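First comes the structure, then the notes that go with it.
Residue indices begin at 1 and follow the sequence shown. Keep in mind that the numbers below use all heavy atoms, side chains included, and drop hydrogens, waters and symmetry copies. Note that this is a predicted model, so its numbers are computed, not measured.
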Amino acid sequence: MVKMRSIQRGVITLIGVVLVIVLTACSSTSGVDGTGKVQVTATTGMIADVAREVGGAYVEVTGLMGPGVDPHLYKASQGDIRKLEQAKVIFYNGLHLEGKMTSILEKMSKSKQVTAVAENIPVEELHSGQATGGTEYDPHVWFNVKHWMRATEAVRDTLVEADPDHAEQYKTQAATYLEKLQALDTEVREKIGQIPEESRVLVTAHDAFGYFGQAYGIKVMGLQGISTAAEYGAKDVSELRDFLVENQIKAVFIESSVPAKAMEAIIAGAAEKGHTVKIGGELFSDAMGAEGTVEGTYIGMVRHNVETIAAALK
């Protein structure tokens with residue numbers, strides 16, 4: 001009898017252990033953490049910021065690419081793959097911004113909820129990227145705030161589908177954030193409009209600001225093409241230098257995710273021709289500022305860029 005009870009206790013203990021293992025395995029793959037929050041993984045900081053704004057207290061967001069990271073050249077680590085596998089929802093930009101990661105994300109879309117937020121923008125509103133060394137379309141859609149509003153709607157709709165129990169909360173939080181973005185769009189137009197028209201020329205390291213230029217009325221020129229994977233040569237440097245000299249452009253801008261040496265070479269070349277060009281400041285292009293700073297949010301990043309541009313070109 002004692003032996004039988006011992007066997008029963010052993011069986012009960014074994015069943016308990018198996019249940020713990022099964023439950024642990026389920027929790028790590030279901031995309032919901034111990035607090036009941038939906039696990040979200042986003043590629044860029046800009047997308048992660050939107051997911052936090054729309055998801056609020058109901059999501060736990062992990063961003064893969066931090067400050068100063070160039071998404072065009074980014075390679076996913078084994079740690080990144082684990083974060084993607086553990087997520088219930090994955091958000092990425094799309095339009096080949098993530099370069100070598102794109103095939104991984106497309107494969108994962110067959111087994112879980114994966115959304116390319118830029119693909120919520122109508123094709124007719126996208127810029128061709130092939131003319132400047134990029135892919136079929138220019139992926140830098142976040143520089144037009146109205147485009148980023150469409151990306152926000154894509155995040156909202158995905159979260160509503162993935163977690164219908166909190167659908168109304170996601171809709172309300174998205175509406176609040178969209179109001180802020182609408183106000184930001186108006187603010188950007190007003191600040192760029194204060195720059196004298198003849199001075200509205202934005203020269204940067206790579207051609208990331210095309211949507212910004214079209215939306216807010218400023219001419220944009222980049223040394224490299226739309227993707228930083230495209231190499232620039234001596235001809236590109238000399239042509240941009242000559243443009244600065246001939247048009248008496250006073251300032252160029254460096255980017256937080258692109259080395260500054262190329263722009264420094266152009267400044268030196270202009271000086272040899274008797275024209276002084278200064279660095280107007282550092283802009284955030286493919287990555288936001290450090291976490292915990294104002295520039296570490298999408299709205300803060302846009303404001304920083306616009307204020308830096310306006311101060312240098314006025």
Side-chain angles (χ1 to χ4, degrees), residues 41-48 50-51 63-65 69-76 80 84 89-110 112-155 157-158 202-233 235-236 239-240 255 257-258 262 283-288 298 302 305:
T41 297
T43 53
T44 69
M46 292 80 76
I47 300 171
V50 174
L64 297 184
M65 304 178 195
V69 174
D70 184 347
H72 300 284
L73 306 176
Y74 190 78
K75 294 180 181 179
D80 292 336
L84 291 167
V89 177
I90 297 171
F91 290 117
Y92 71 109
N93 190 81
L95 306 180
H96 295 281
L97 175 76
E98 289 85 359
K100 298 173 183 178
M101 283 188 67
T102 303
S103 59
I104 297 171
L105 294 163
E106 288 175 347
K107 286 177 183 176
M108 287 190 168
S109 68
K110 297 174 183 178
K112 62 175 63 196
Q113 205 134 15
V114 180
T115 298
V117 298
E119 293 177 12
N120 198 42
I121 299 165
V123 171
E124 60 271 20
E125 294 181 23
L126 298 174
H127 293 177
S128 170
Q130 294 176 332
T132 52
T135 52
E136 184 177 4
Y137 296 111
D138 179 353
H140 302 90
V141 294
W142 57 90
F143 283 119
N144 180 339
V145 179
K146 287 194 177 297
H147 285 345
W148 208 235
M149 292 173 74
R150 290 186 184 272
T152 299
E153 291 167 352
V155 170
D157 295 346
T158 300
L202 177 62
V203 180
T204 58
H206 86 295
D207 199 6
F209 290 83
Y211 291 107
F212 181 84
Q214 183 188 52
Y216 304 111
I218 184 168
K219 181 179 176 63
V220 173
M221 297 190 69
L223 175 61
Q224 288 176 272
I226 281 172
S227 172
T228 54
E231 296 289 336
Y232 64 88
K235 184 172 181 287
D236 300 305
E239 285 181 351
L240 188 53
E255 301 173 38
S257 55
V258 181
L283 305 180
F284 295 101
S285 55
D286 290 341
M288 302 193 303
Y298 171 74
V302 172
N305 284 351

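- Looking at Glu255, its side chain never comes within 3.5 Å of a backbone N or O of Ser285 through a donor-acceptor pair.
- The closest side-chain heavy-atom distance from Gln214 to Asn144 is not below 4.5 Å.
- Not a single salt bridge (charged side-chain N to carboxylate O under 4.0 Å, His left out) links Lys219 to another residue, sequence neighbours left out.
- Closest of all the heavy-atom pairs between Val220 and Gly213 is CG2-CA, 3.7 Å.
- Between the side chain of Tyr298 and the backbone N or O of Trp142, at least one donor-acceptor pair lies under 3.5 Å.
- Between Ser109 and Val114, the closest heavy-atom pair is CA-CG2, 3.6 Å.
- Taking the ring pair (Phe, Tyr, Trp, His ring centres under 6.0 Å) definition, one finds that Phe284 meets it with His304, sequence neighbours left out.
- Of all the heavy atoms in His127 and Gly210, the pair that sits closest is CE1-O, 3.5 Å.
- The shortest non-hydrogen separation linking His147 to Val141 is CB-O, 3.3 Å.
- Interatomic distance, Glu98 CD to His96 NE2, rounded to the nearest 0.5 Å: 10.0 Å.
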Derivation of the side-chain contact (heavy atoms from CB on, under 4.5 Å) call for Gln113 and Thr158: CA-CA 8 Å; Gln113 205 134 15; Thr158 300; 3.8 Å; yes

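- Here OG1 of Thr44 is found 4.0 Å from CE of Met46. Values are rounded to the nearest 0.5 Å.
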Please test Asp80 against Ile104 for side-chain contact (heavy atoms from CB on, under 4.5 Å), starting from the C-alpha separation and ending with a verdict. CA-CA 11 Å; Asp80 292 336; Ile104 297 171; over 6 Å; no

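- Pairing each heavy atom of Ala51 with each of Val155, the nearest pair is CA-CG1, 4.0 Å.
- For Val69, the side chain to side chain contact (heavy atoms under 4.5 Å, CB included) partners at least two apart in sequence or on another chain are Met65, Tyr74.
- Taking OG1 of Thr41 as the start and CD1 of Ile47 as the end, the distance is 12.0 Å to the nearest 0.5 Å.
- Every side chain to side chain contact (heavy atoms under 4.5 Å, CB included) that Asn120 has, sequence neighbours left out, goes to Arg150, Glu153, Ala154.
- Taking each heavy atom of Leu84 and Lys112 in turn, the nearest pair found is O-NZ, 3.0 Å.
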What verdict does the side-chain contact (heavy atoms from CB on, under 4.5 Å) test give for Glu125 and Lys146, after you've listed the backbone C-alpha separation in whole Å, the side-chain angles of each residue and the deciding distance to 0.1 Å? CA-CA 11 Å; Glu125 294 181 23; Lys146 287 194 177 297; over 6 Å; no

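- A 4.5 Å side-chain heavy-atom check between Leu283 and Leu202 finds at least one atom pair inside the cut-off.
- Between Tyr211 and His140, the gap from one ring centroid to the other reaches at least 6.0 Å.
- Qualifying salt bridge (charged side-chain N to carboxylate O under 4.0 Å, His left out) partners for Lys235, counting only residues two or more places apart in sequence or in other chains: Glu239.
- Listed by chain and residue number, Phe209 satisfy the ring pair (Phe, Tyr, Trp, His ring centres under 6.0 Å) test with Phe143 (two or more places apart in sequence, or in another chain).
- Side chain of Tyr137 to backbone of Val123: no donor-acceptor contact under 3.5 angstrom is found.
- Side-chain contact between Thr115 and Val89 is absent, with no heavy atoms from C-beta onward closer than 4.5 Å.
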